[in-house]
Amino acid sequence: MNGRDLVRSWWSVGVAGAARGLRSVRAAWRGRSADATGHGPRVRARVPGAVREVEPGPGGGVIRFARSELRILVAVNGAVFWGWDGAGPEPSYALAGACPEPDPRAELEPDTDGGWRVVAERVTVAVSRHGALEVLTPGGVMLRRDLPPRWWEAEDGGPARWMQRSEVPADARFFGPGGRVEGPLLRDGAHRPGDGVTGTGSAAPVTMPVQLVVADAGTHLLFVDNPWDGTLTLREGAEGAGSGHDRVGTSELRMEGGPVRGWVMAGTPARVLLTWASLTGAPALPPAWAFGHHHVREGAGGEDEVRRVVAGHLERGLPLDAVHLGEGHLAGGRGFTVDQDRFPKLPVLADELRREGIRLVSVVPAAARPEDRRGEGVVPDLADARVRYAGQAARGFAGVWHTVDGSVALGRADALDLARAAHEGLLDGAPADERPLALSPYGRPGSQRYGGVWSGEGAGGWHGLRVSLAQVLGLGLCGVPFSGPDVVGGGGDGESELYVRRLQLAAYLPLLRTGGAGPAGGGPWEYGAVVLGHARVALAERRRLMPYFVTLAHLARRTGAPMVRPVWWPAPEERELRDCRDAFLLGDALLVAPVMEPGAVRREVRLPRGRWYDTATGLAYEGPAKVLVDAPLERTPVFARAGAVLPVRGEDGGTGLVVWAPAPGRSGGGLVVPDGGEEPEVERYSVSRSGPRVVVRREKEDGAQEPSRPVAVRGLDGTGGQM
């Protein structure tokens with residue numbers, strides 16, 4: 001209720017009923033206040049009040065109001081920290097280390113109407129005299145406006161609930177938090193800022209209180225550094241038609257307690273994720289084999305059964321790079337001890353498989369359960385966990401994966417400690433020239449520092465395809481580039497088609513794991529000859545793209561850019577792309593349009609600006625456009641950007657280059673990062689076209705030269721061919 005509503009309510013009852021009307025209005029106000037603060041004795045809402053004094057400092061300073069104070073810090077990486085009531089950036093579970101240094105060139109200075117501002121190279125922060133905080137582009141265009149927070153403090157001295165309303169441009173769209181099954185694009189309505197945080201402060205497997213806002217003026221990321229439960233209510237804006245006024249987009253965050261603090265980083269999507277990675281840590285670099293085909297064996301069989309599963313893949317021409325042992329290989333199917341009767345010579349088995357190019361990965365439960373499997377699980381002492389994980393390397397395991405225990409809810413700090421223990425413990429026991437793999441179902445800001453996230457089987461049915469893609473996209477936008485679902489099933493009526501489409505989608509996601517409970521361990525051949533043929537094609541394509549995945553992983557570590565990206569990533573100003581949820585970019589070279597409907601043999605694809613080639617037919621399409629393409633069961637529609645340089649694996653195991661011809665008069669290029677240690681040299685290639693001739697050069701400091709890798713050019717004759 002605003003002032004206009006108050007006057008309308010007064011006049012609606014007439015002069016004779018004025019007193020009764022006033023009592024009704026006051027009751028409405030009290031009811032609204034009660035709804036806002038929940039049940040229980042609360043004092044009247046506290047707001048900051050007016051500015052009393054200012055203490056400038058490097059990167060910002062402290063603004064003291066009548067009843068609160070606000071700390072502003074613009075860091076050297078361009079990130080903006082804000083914290084109320086004395087809240088500082090540390091301690092924080094999410095930060096990779098100490099808070100970044102303040103920008104020495106930025107400090108608080110007087111603004112109009114009694115406010116204050118901080119002007120930095122990439123952002124301006126303005127604070128009004130009553131505590132409203134605006135984040136603006138260097139040109140002064142508003143990206144977000146946070147109104148002064150309100151606190152409701154309990155009379156008994158308990159935690160203070162708080163609320164903050166915010167405004168964004170009318171054209172803006174909200175994305176996040178990572179791992180949401182509904183997809184990263186947030187629609188109007190109520191959401192949980194941590195996507196699963198419980199009222200006890202513990203968390204669901206994936207908890208990402210990160211929000212990405214995309215608008216014509218720019219992109220910005222908001223991280224609310226608060227582990228408490230809360231509700232985020234969103235309303236998209238609308239632009240006025242003709243002489244009508246714009247309606248800004250709004251968000252309202254209500255938290256049950258905890259500090260009022262957060263970070264904002266602004267710029268292009270690439271700049272935003274780079275800043276986020278510098279704040280919360282660079283993603284761990286998975287080993288090269290981790291981008292191949294993983295198969296999960298959940299059964300209780302022993303070493304000979306593992307050999308049969310491996311032989312089943314190799315005999316049928318199915319590439320296999322890792323076998324994951326489930327809880328069935330543990331003593332009693334629980335705890336952390338390997339069953340010595342069924343796996344007496346694990347190091348021997350591991351060496352045998354390694355000679356075939358296959359690694360062993362062990363499950364490690366996040367918690368130990370009692371023998372009767374009833375009651376609550378117990379989280380291990382994380383101080384001693386590194387020793388346990390180092391023992392995995394001694395047994396021959398090249399990595400570990402955690403499982404979700406429904407009786408245990410890990411807090412955000414515990415989940416990060418668990419991932420860190422796995423990563424560091426495996427490093428301690430692994431050979432110096434090998435990187436270990438740590439996978440967890442738990443995702444937190446900062447978890448990318450230690451490994452990837454696997455999301456399990458996910459939702460069933462065809463809807464599960466959209467869920468799987470949504471989770472990988474959302475995690476990528478939150479700084480977790482290495483993730484993926486499990487591909488299982490395929491034995492029931494109508495399930496074979498779904499299994500093939502699941503496998504085709506997963507073949508273009510960072511983590512590809514298959515599995516099942518069949519007699520042969522869930523191998524694709526169990527579902528018939530047709531499925532086997534399609535699986536062979538999908539897995540062969542994945543193996544061919546492994547050098548490209550390795551390149552993207554190295555770039556993600558250096559820049560924070562996700563491997564799987566929304567189609568709007570390079571051009572967020574193209575509004576029609578912001579609603580696209582059934583296609584994605586794999587790096588900057590490929591656009592993948594998976595089939596997500598049963599029986600579909602054609603599908604519509606929205607292409608971004610530029611020329612795109614159908615990699616199966618070589619036909620060229622000019623974007624932006626919607627195109628209808630063939631999508632038979634044997635393949636997924638994939639498009640290559642004109643001018644792209646794509647590293648692929650050749651038949652001899654070496655890395656070659658597939659170059660897609662630029663449009664006439666245009667140029668292109670790309671990066672290739674060969675796998676060779678933590679910081680291998682980046683190979684830079686340029687592509688130019690003159691008539692029917694395409695020239696590919698490797699750019700080096702001492703000048704351009706001919707590529708030393710084999711090069712194949714596609715797209716010149718209009719018919720193209722396979723990638």
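Below, each value reflects all heavy atoms present in this structure, side chains not excepted, and no hydrogens, waters or symmetry copies.
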S.K.: Is any side-chain heavy atom of Pro598 closer than 4.5 Å to one of Leu498?
M.R.: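 Heavy-atom side-chain distance check fails, nothing below 4.5 Å.
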S.K.: Within the structure provided, determine whether Thr636 and Glu541 are in side-chain contact (heavy-atom separation under 4.5 Å).
M.R.: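 Answer no - side chains too far apart.
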S.K.: Looking at every non-hydrogen atom in both residues, tell me the closest pair between Val472 and Gly484 and how far apart they are.
M.R.: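 What the structure gives for the nearest pair is CG2-CA, 3.9 Å.
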S.K.: Please confirm whether the backbone N or O of Leu318 pairs with a side-chain atom of Arg536, one donor and one acceptor, at under 3.5 Å?
M.R.: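 Here the side-chain-to-backbone pair does not exist.
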S.K.: Got a donor-acceptor contact below 3.5 angstrom from the Thr615 side chain to the Val638 backbone?
M.R.: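 Indeed, once roles are kept as given, a pair shorter than 3.5 Å links the two residues.
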S.K.: Measure the shortest side-chain to side-chain distance between Val480 and Ser447 over non-hydrogen atoms and say whether it is less than 4.5 angstrom.
M.R.: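 Yes, at least one pair of side-chain atoms sits under 4.5 Å.
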S.K.: How close do Ala506 and Val487 get, heavy atom to heavy atom, and via which atoms?
M.R.: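 In this case the closest contact between Ala506 and Val487 is CB-CG2, 3.6 Å.
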S.K.: Given side chains that start at C-beta, do those of Leu512 and Leu539 come closer than 4.5 Å, heavy atoms only?
M.R.: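 Heavy-atom side-chain distance check passes, below 4.5 Å.
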S.K.: Do Val306 and Leu353 pass the side-chain contact (heavy atoms from CB on, under 4.5 Å) test, and can you show the C-alpha distance, the side-chain angles, and the key distance before you say yes or no?
M.R.: CA-CA 10 Å; Val306 173; Leu353 296 181; 4.2 Å; yes
S.K.: What heavy-atom pair brings Pro510 and Arg542 nearest, and what distance separates the two atoms?
M.R.: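 Smallest heavy-atom distance, with atoms named: O-NH2, 2.7 Å.
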S.K.: Is the ring centre of Trp525 less than 6.0 Å from the ring centre of His313?
M.R.: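 Close enough - the centres of the two rings lie under 6.0 Å apart.
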S.K.: Using only heavy-atom distances, determine whether the side chains of Gln471 and Ser483 contain a donor-acceptor pair under 3.5 Å.
M.R.: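 Per modelled atom types, Gln471 and Ser483 side chains form no pair under 3.5 Å.
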S.K.: Would you check if the side chain of Gln448 reaches a backbone N or O of Pro481 as a donor-acceptor pair within less than 3.5 Å?
M.R.: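 Here the side-chain-to-backbone pair does not exist.
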S.K.: So how far is it from Arg641 CZ to Arg609 CZ, rounded to the nearest 0.5 Å?
M.R.: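 Rounded to the nearest 0.5 Å, the CZ-CZ separation comes out at 11.5 Å.
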S.K.: Looking at Glu597 and Arg466, does any basic side-chain N land under 4.0 Å from a carboxylate oxygen?
M.R.: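 A salt bridge links Glu597 with Arg466.
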S.K.: Applying side-chain contact (heavy atoms from CB on, under 4.5 Å), run through Trp612 and Val605 and close with a yes or a no.
M.R.: CA-CA 11 Å; Trp612 295 86; Val605 182; over 6 Å; no
S.K.: Answer yes or no: is there an ion pair linking Asp579 with Arg606, defined by an N-O contact shorter than 4.0 Å?
M.R.: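 The answer is no: the pair does not qualify as a salt bridge.
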S.K.: For the atom pair SG (Cys580) and CG (Leu591), what is the distance rounded to the nearest 0.5 Å?
M.R.: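 One finds 7.5 Å between SG of Cys580 and CG of Leu591.
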S.K.: Would you indicate whether the side-chain heavy atoms of Val210 and Leu221 approach each other to under 4.5 Å?
M.R.: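 Sidechains of Val210 and Leu221: in contact.
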S.K.: Compare every heavy atom of Gly292 with every heavy atom of Asp321, then report the nearest pair and how far apart it is.
M.R.: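 Scanning both residues completely, I find the closest heavy atoms to be OD2-CA, 3.3 Å.
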S.K.: For Pro436 and Pro287, which heavy atoms make the closest approach, and how far apart are they?
M.R.: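 Where Pro436 meets Pro287 most closely, the heavy atoms are O-CD, 3.5 Å.
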S.K.: Hey, mind stepping through Arg635 and Val537 against side-chain contact (heavy atoms from CB on, under 4.5 Å) and telling me if it holds?
M.R.: CA-CA 8 Å; Arg635 64 180 175 85; Val537 172; 5.9 Å; no
S.K.: For His402 and Val364, which heavy atoms make the closest approach, and how far apart are they?
M.R.: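 Closest pair (atom of His402, atom of Val364, distance): CD2-O, 3.1 Å.
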S.K.: Kindly say whether Gly312 contributes a backbone atom to a donor-acceptor pair with the side chain of Arg316 at under 3.5 angstrom?
M.R.: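 Yes.
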S.K.: Using the side chain to side chain donor-acceptor pair (under 3.5 Å) criterion, which residues pair with His294? Sequence neighbours excluded.
M.R.: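 Here the qualifying residues are His324.
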S.K.: Provide the full list of ring pair (Phe, Tyr, Trp, His ring centres under 6.0 Å) pairs with a residue in residues 552-587, sequence neighbours left out, each pair given once.
M.R.: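 As it turns out, the ring pair (Phe, Tyr, Trp, His ring centres under 6.0 Å) pairs with a partner in residues 552-587, which skip direct neighbours, are Phe175-Trp568.
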S.K.: State, yes or no, whether a side-chain contact exists between Val672 and Pro547 at a heavy-atom distance under 4.5 Å.
M.R.: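 Heavy-atom side-chain distance check fails, nothing below 4.5 Å.
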S.K.: Ignoring hydrogens and geometry, is there a side-chain-to-backbone donor-acceptor pair from Arg581 to Ala470 under 3.5 Å?
M.R.: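 It does not hold such a pair.
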S.K.: Ignoring hydrogens and angles, tell me if any N or O in the side chain of Thr551 forms a donor-acceptor pair with the backbone of Val673 under 3.5 Å.
M.R.: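 A pair under 3.5 Å: yes.
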S.K.: At what distance, to the nearest 0.5 angstrom, does CG of Leu314 lie from CD1 of Ile358?
M.R.: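 So the gap between those two atoms works out to 5.0 Å.
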S.K.: Is any side-chain heavy atom of Tyr527 closer than 4.5 Å to one of His534?
M.R.: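 SC-SC contact between His534 and Tyr527 ruled out.
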S.K.: Salt-bridged, Glu434 to Arg354, with N to O below 4.0 Å?
M.R.: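 Yes, this pair counts.
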S.K.: Determine whether Leu418 and Tyr450 satisfy the following criterion, side-chain contact (heavy atoms from CB on, under 4.5 Å), listing intermediate values before the conclusion.
M.R.: CA-CA 9 Å; Leu418 191 68; Tyr450 310 115; over 6 Å; no
S.K.: Do other residues, nucleotides or ligands put more than 12 heavy atoms under 6.0 Å from Arg575 CZ?
M.R.: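 Yes, the 6.0 Å shell around CZ holds more than 12 heavy atoms from other groups.
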S.K.: Using modelled atom types only, decide if a donor and an acceptor are shared between the side chain of Arg435 and the backbone of Pro286 within a distance under 3.5 Å.
M.R.: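 Side chain of Arg435 to backbone of Pro286: a pair is present.
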S.K.: Salt bridge between Arg307 and Glu352, side-chain N to carboxylate O under 4.0 Å?
M.R.: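 Salt bridge present between Arg307 and Glu352.
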S.K.: Indicate yes or no for a side-chain donor-acceptor contact from Trp276 to the backbone of Cys478 under 3.5 Å, with no hydrogens or angles considered.
M.R.: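 Yes, because the side chain of Trp276 sits within donor-acceptor range (under 3.5 Å) of the backbone of Cys478.
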S.K.: Enter the distance from Arg649:CZ to Met546:CE here, rounded to the nearest 0.5 Å.
M.R.: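 These two atoms lie 6.5 Å from each other.
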S.K.: Mind checking ring pair (Phe, Tyr, Trp, His ring centres under 6.0 Å) for Tyr548 and listing every partner two or more places apart, or none if nothing turns up?
M.R.: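 Ring pair (Phe, Tyr, Trp, His ring centres under 6.0 Å) list for Tyr548, sorted by chain: empty.
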S.K.: Can you find a heavy atom in the side chain of Arg565 that is under 4.5 Å from one in the side chain of Asp588?
M.R.: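 In contact.
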S.K.: Drop me the distance from Arg543's CZ to His293's NE2, to the nearest 0.5 angstrom.
M.R.: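 One finds 10.0 Å between CZ of Arg543 and NE2 of His293.
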S.K.: Enter the distance from Glu298:CD to His295:NE2 here, rounded to the nearest 0.5 Å.
M.R.: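 Rounded to the nearest 0.5 Å, the CD-NE2 separation comes to 9.5 Å.
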